[in-house]
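First the structure, in the form of structure tokens, and then the observations on it.
Whatever order the structure lists them in is the order used to number ligands and atoms, beginning at 1. Note that these values count all heavy atoms, side chains included, but never hydrogens, waters or copies made by symmetry.
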Amino acid sequence: MCGIVGYVGRRPGKPIILDGLRRLEYRGYDSAGLTLLEAGGLETVRAVGNLDALFAAVGDGASPATVGLGHTRWATHGSVRVENAHPHADCTGRISVVLNGIIENYKELRAALTARGHRLTSETDAEVVVHLVEEHAGEGLAAAVRAAIPRLEGHFAFCAVSADEPDLVVGTRREAPLVVGVGEDEMFFASAIPAFLSHTREVIVLEDGDVVTLRASGAECTDVAGVSVERAVSVVPWDQDAAEKAGYDTFMLKEINEQPAALRDTLAGRLSEAGDVDLAETGMGDEMLRRLRRIFIVACGTSYHAGLIVSYAIEQLARVPVQIDVASEFRYREPVFDPDTLVIGITQSGETADTLAAMRLARAAGSPVLALCNIMGSQATREADHVLFTRAGLEIGVAATKTHTAQVAALLLLALRLAWARGVQPEAELRRLGHELRAVPEKLEELLARPSAVEEIAARYRDERFFLYLGRGMGFAVCLEGALKLKEISYIPTEAYAAGEMKHGPIALLDKESPVVVVADDSPVFPKLVSNVEEVRARGADVIAVATDGNETIRELSRDVLWVPRTDHHLAPILTVVPLQLLAYHIATLKGYNVDQPRNLAKTVTVE
Ligand code: F6R
């Protein structure tokens, strides 16, 4: 989950690396560091806190160094203190390493290295790597990195520089991201493309086990045995604007407003004007879809909520049983697999350790695996039999917004195609739904543009101690997502409950102080939800409803209503979640919190 940057070129590296770290800060922000290859040797600066602390520690002074490494950390092994920040140095102080990932056998390696006379100064797993590299330093940096790799267990990407070879940076990856940027007389390593997007759009996506030496003149790639391998250069379609705030105060607000475009892009070429769905790109033909007897959906966090939302639609429309689980539970509960069970791993980053592990487990047991992913070339897309991309573009805000609604849209396409292939719904009805889905981006655009009470509601309830969210069916899944958004960026405790279950316990929480957010879409269970809202009102709690335009019943029962345009109830979650994103956003900003980088969180969770 950390962010790595490496630079070698003809320009001073310091501002380039620091700027790259800024763009990767979403990956981790508890400490950071920088190594530059100065004339006198390696100069390393590390600081605890977000990047501002590093910027203050390095100061404004210019450095002529044209080679260096940077790192922004999300602590896993070792507390947040300066000794545990990267880069780490070897005993001689001539080699420096930054790492993203986990070295699982670091305790044994640490003991062995200490016994051999190495002096380790941090509590991290990463530090063992630089000492292993040091043991082969005489063979050259690339050879030393290759010698270290087989001794490491776990998943990682790391980069190394050496004062003895001041014109190069070496990097490698195993099941953790590392990409190369190809510039004009300069080369970059980074955990993610935005780090160098202002310098180049030419990218080399590395494979597991690649060991790459970057010089200003280009890249040389070998496998772990030292045999040369060729890696293609591709051009990414994003430009720098994608990684900037484009006039918004925060990435989160920008990304909330980008949802119509993300949806349009995700549906493009897959949903015809007539409402027909084409997912041939996934390689899952109708024959395969007809054969399926069950679907498992595995994911974490917001991606799990997208899966839960659409699990209702898949069962209702395609009549295939769906089981859904959070990946960290699924992987250890010994699920029963078979070749007619499709396992869908949903992960916007394609890097989430638990989701990847669950997908691997399923594949090894013979079930076909579909990855629903937002990042091309990510680990999930390499490890799946089939891939369906959301095309939400880069998401930098730690709280997922546009990738979530794009996931729901992509999964709805799958639900429609499955239903079509299995012949379980009238074709006209599926076309009608497809047609409706095509109209959702425009409805969302209209929703985002209309005046809304959301800021006023946020101001009224910003100091509440607790929020309860209630819904039924897909609306309940939307509540889980809305409650997660509020708790993760405003730090207000929330609970999301299936409305019918409320009287079995959580109703005890209600009093006149408690705002209750109700997601009231137009599903067939709406009348049941109305009874639950009455129960809430009877306890004096304020009801804030999200409801479809013109729903008079809800207007009468609620203190406030956040209106959304009308659509088919299977598609409504794409609209009803948006006022909840905005409610969380406004409460958190009124409280003065950094919504793009909530405390303790990281955008990609590459540890279990
Ligand atoms: C919450 C959020 C997280 C992620 C989760 C899975 O706003 O973003 O809950 O959804 O960490 O991440 P991916 O989708 O990258 O696997």
Can an N or O of G301 be found at a distance shorter than 3.5 Å from an N or O of ligand 1?
no
Are any of the N or O atoms of T347 closer than 3.5 Å to those of ligand 1?
yes
Counting non-hydrogen protein atoms only, what is the nearest one to [atom]? Give residue, atom name and distance.
{"atom": "atom 14 (O) of ligand 1", "value": "S303 OG, 2.6 Å"}
{"atom": "atom 7 (O) of ligand 1", "value": "E488 OE2, 2.6 Å"}
{"atom": "atom 11 (O) of ligand 1", "value": "V605 CG2, 4.0 Å"}
{"atom": "atom 15 (O) of ligand 1", "value": "S349 OG, 2.6 Å"}
{"atom": "atom 3 (C) of ligand 1", "value": "T302 N, 4.0 Å"}
{"atom": "atom 5 (C) of ligand 1", "value": "C300 O, 3.7 Å"}
{"atom": "atom 13 (P) of ligand 1", "value": "T352 OG1, 3.2 Å"}

Could you check, using the six-membered ring where one of them is a Trp, whether Y491 and Y593 have ring centers closer than 6.0 angstrom?
yes
At under 4.0 Å between heavy atoms, what of K485 touches ligand 1? The answer is side chain
State whether the side chain of W74 and the backbone N or O of N600 hold a donor-acceptor pair below 3.5 Å, judged by distance alone.
yes
So, [X] and [Y]: side-chain donor and acceptor under 3.5 Å apart, yes or no?
{"X": "T390", "Y": "K402", "result": "no"}
{"X": "H155", "Y": "E175", "result": "no"}
{"X": "E464", "Y": "S514", "result": "no"}

Determine, for F296 and R294, whether the Lys NZ or Arg CZ falls below 6.0 Å from the six-membered ring centre while staying within 45 degrees of the axis.
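So R294 does make the cation-pi contact.
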For V398, the ligand 1 atoms whose distance to one of its heavy atoms is below 4.0 Å
7 (O), 8 (O)
Once you round to the nearest 0.5 Å, how far does NE2 of H86 lie from OG of S31?
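The distance works out to 7.0 Å.
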Enter the distance from L69:CG to L21:CG here, rounded to the nearest 0.5 Å.
10.0 Å
